[in-house]
Amino acid sequence: MTDSIKEKLIEALNPPQREAVTHKSGPLLVLAGAGSGKTRVLTYRIAYLARVHQVNPGRMLALTFTNKAAGEMKSRLQGLLGEDISRLWIGTFHSMFARILRREAEAIGYTAHYSIYDTDDSQRLIKKIIKELPAEFGSLNPASVQQAVSRYKNDLRTPEEVRDQAAHFVERKAARVYAEYCRQLKENNAMDFDDLILKPMELFRAEPEVLERYRRRFSYILIDEYQDTNRAQYNLVRSLVGEERNICVVGDDDQSIYGWRGADIRNILEFERDFEGVTTIRLEQNYRSTGNILEVANAVVRRNTGRKPKKLWTEKSSGARAVVLECVHELDEAEQIVIHASAVRTRERVCWREMAVLYRTNAQSRALEDAFRRAGIPYRIIGGLRFYERREIKDLMAYLKVIVNPRDSTSLYRIINVPARGIGPATLTRLSSLASSRGEPLYHVLAEADQAEGLTDSTAGKVIELHTWMEELRALSRSESASKVLTELIRLSRYEESLSDLETFEAQGRMENIAELVSAAQEYSERYSPENGATCLEAWLAETSLVSEIDFHDPEEDCATLMTLHNAKGLEFPVVFIAGVEENLLPIARAFEDTTGAKLEEERRLFYVGITRAMDKLFLCWAASRRRFADILESSPSSFLRDIPEELVERHSGLTHRPAAARRSGFSFSRGGGRRAPIGAAPPILGPGRPGSGGARPTVVGITGPIFEKDYGADEPAYRMGERVVHHTFGSGTILEVSPYSDDFKLLVRFDSGFTKKLMARFARLKRE
DNA sequence: AACCCCGGGCTTTTT
DNA sequence: GCCCGGGGTT
């Protein structure tokens, strides 16, 4: 019986993979190159331990970086282990330790209802602290202090250490803010992302028997993307490794791209020193990319020093050359990407979902997004302003945080006057001085607002009213689902009414987001099962605080994916475009400030990560100029491109044909012409290339026409530019702009009263004049 | 207390 | 070019 399972698990593996999967005990380091079957090794190893070595699944802890990676491991293990997977501890560092902290919070002076602050929440708190401190602290920038504090925490430095070691008075000031920040976090019964790693360490130090309990519990620890762990994470895990030293880490030093977040590449380079007698296994066979793509990747990363030497190889054929697209400016670049994406799709029968456009900074997404929308290509942007970071979502979540954790004054500050209910700064100051004089959290004194110094009866009444319905919601949350609490909250807070009064395009978008949040709550409430006595709302909040956009990435939907290079790690696509391969963008300008060259090497690894996402076709794009803020900057190709041997690429240059002045004359040089060639008539970009540069791009100008002159045909808008309309509150006006938006139209209307408003056609209920 | 206008800073990447 | 906060006005 066991033998057949054993056979089944190892038959699909190559020799080093098999060795990693069957390794029984003692420290194991798997250096897994891009696309070498890393996830397969991890999941098979877990299954093998459970089925062949009979390790109880409840005693294995598998840590990943993203929820997506954890989800993928779980779903693959589902097939191998069935029911047993529910007992495995698989999740991100942050979610696993958040879970442990919920159970043990009391031991370190928190309650199980603690709030989790994201970067934005932390920044708000820091900003408030800076305001409360003497005026000379006003020079501090909250965002940079937040970053510095995060860094201090990841490096395991206390506020006192930072203060005593401060080399500069700015740092001494930051240390002061850091100390106060820690104090107020605790007062708010709140933890930031870094605390989710640091507090368990504190817990284990304070309560050795708790540590012992978890150490005994996790007899096998596995870590994915080990190259991205920081010092704190490493120390935390090391404290959990038991006598048997059954720790298995899988990573690739060439894909370490989170140094700025405190990831310490030394963790992987020095693993062998830290765990004596470690077994090291290298996975160098790549199953993802064609030979050419792999050679491009190797050529780039080879330039880095301080890496473990390795060379990926493949049995696949060499495939097409990588295409270098030389563009005039970022709009041209976006157009070229659209053109080539359309051409590849027609020619190679690739669907949209098999294509990705990767870039260094989120700001680059706008031009790309516009081009995709104009061309009518379905696309999806991952990152940028993430769903849970939108204002209306954060507002509602802040209410919920206060309901779960009334000590969370930072969240209360956020929503006490949102929507406006007449509780302004003056009232807030009086309430908070009442709170501090009593040594109670702000929320507690809301009920007694009538006793606060200098508040009018009517203002105090408003405060008490707020407190009353918040208490109703609190009571509700103990027995009802998260979605019930949320819908009641929306009703009682009159949040939607405050938006719907506006009738603008923006307010409409916010209302759609709220509807989406409600359905997310409903979806969660349906699958919620009580755990550790946490209410549905608490559990939902805990989960949503730690999810990221990429976790919602639905591979079924036929959309092209646009995202940053960082977000692309761990994914693969048949066709990949990397946009903005320019000096000072990739590598980013700031990388040159670092004289050690370490930042530059990280940028190179980032480029390497991007290249190795591609399975069959790779496009590297750069533009000779790029709009940044208000002005246009000249740019030149990335020095990384020079590292790629000429015979591996094929160049498409539009530079000789495209005067830079084209930008000034409006949007595009291809607009005026009306030659309508089918998209499929693109130039033979996939055929044998012309080595060297310089060849003019044949007829590309001609084919841009139909893509950008999209006629709206069947969904012809009911409104036209220049048309005169009447709105029931704003009066008469003229339509300035009509643009499609999901299944509706966005209108820009200048009213005779002088206002210019953005409206959604469906809701504006305009009449013709 | 709410609204409006202006100026400054921002864009590196994220659990 | 956009968002936020500050300062002024209503």
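Values below: every heavy atom of this structure, side chains too, minus hydrogens, waters and symmetry copies. Each chain gets a letter, A, B and so on, in the order its sequence line appears, and its residues count up from 1.
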Touch class at under 4.0 angstrom, heavy-atom based, for Asn362(A) against every strand present: sugar-phosphate

Whether Phe193(A) and His94(A) hold their rings parallel, tilted or perpendicular, with breakpoints at 30° and 60°: perpendicular

Contact under 4.0 Å: Asn584(A) side-chain N or O vs dT12(B) OP1/OP2: no

Nearest-angstrom distance from the residue atom CD1 of Ile578(A) to P of dT13(B): 17 Å

Nucleotide of dT14(B), dT12(B), dA1(B) approaching Thr564(A) most closely (side-chain heavy atoms): dT14(B)

Closest to the Thr119(A) side chain, choosing from dG1(C), dT15(B), dT13(B): dT15(B)

Residue closer to the 5' end of DNA chain B, Ile423(A) versus Leu606(A) (nearest nucleotide): Ile423(A)

Heavy-atom closest contact (Lys153(A) atom, Cys182(A) atom, distance): CE-SG, 4.4 Å

Length of the CD-C1' vector between Gln146(A) and dT14(B), whole Å: 11 Å

Using the 3.5 Å cut-off, write out each protein N or O paired with an N or O of nucleotides 4-10 of chain C and the distance between them.
from   : atom 1 : to        : atom 2 : distance (Å)
dG5(C) : OP1    : Lys127(A) : NZ     : 2.8

Sugar-phosphate, base or nothing in reach of Asn417(A), heavy atoms under 4.0 Å: sugar-phosphate

Sugar-phosphate only, base, or nothing, as touched by Ala426(A) at under 4.0 Å among non-hydrogen atoms: sugar-phosphate

Whole-Å distance separating the CG atom of Asn230(A) from the P atom of dT13(B): 20 Å

Euclidean distance, atom CD of residue Glu389(A) to atom C1' of dT14(B) [Å, nearest integer]: 9 Å

Geometric class of the Phe97(A)/Phe93(A) ring pair [parallel <30°, tilted 30-60°, perpendicular >60°]: parallel

His94(A) side chain, from C-beta outward: closest of dT15(B), dT13(B), dA2(B): dT15(B)

d(NZ, Lys153(A); C1', dT15(B)) in whole Å: 14 Å

Steps toward side chain to side chain donor-acceptor pair (under 3.5 Å) verdict (Gln147(A), Ser150(A)): CA-CA 5 Å; Gln147(A) 273 180 19; Ser150(A) 175; over 6 Å; no

Separation of dG1(C) P from Gln364(A) CD (nearest whole Å): 18 Å

Phosphate OP1/OP2 of dT15(B) contacted by Asn67(A) side-chain N/O (<4.0 Å): no

Atom-pair distance (CG on Leu63(A); P on dT15(B)), nearest Å: 16 Å

Thr66(A), nearest nucleotide to its side chain (from dG1(C), dT15(B), dT14(B)): dT15(B)

Distance-only donor-acceptor test, Ser95(A) side-chain atoms vs dT15(B) base atoms, 3.5 Å: no

Is_stacked (Trp260(A), dT13(B)) at 5.5 Å, 30 deg: yes

Touch class at under 4.0 angstrom, heavy-atom based, for Ala363(A) against every strand present: base

Heavy-atom closest contact (Arg430(A) atom, Glu453(A) atom, distance): CD-O, 2.9 Å

Donor-acceptor under 3.5 Å (Arg510(A) side chain, Ile393(A) main chain): no

Distance in angstrom units between Asp120(A) CG and dC3(C) P, rounded: 15 Å

Nearest atoms (heavy-atom pairs only) where Ser635(A) meets Arg626(A): OG-N, 4.2 Å

Shortest non-hydrogen contact between Ala623(A) and His329(A), atoms and distance: CB-C, 3.5 Å

Closest to the Phe193(A) side chain, choosing from dT12(B), dT15(B), dT14(B): dT15(B)

Residue Arg360(A), side-chain atoms from C-beta onward, closest of dG1(C), dT13(B), dA1(B): dT13(B)

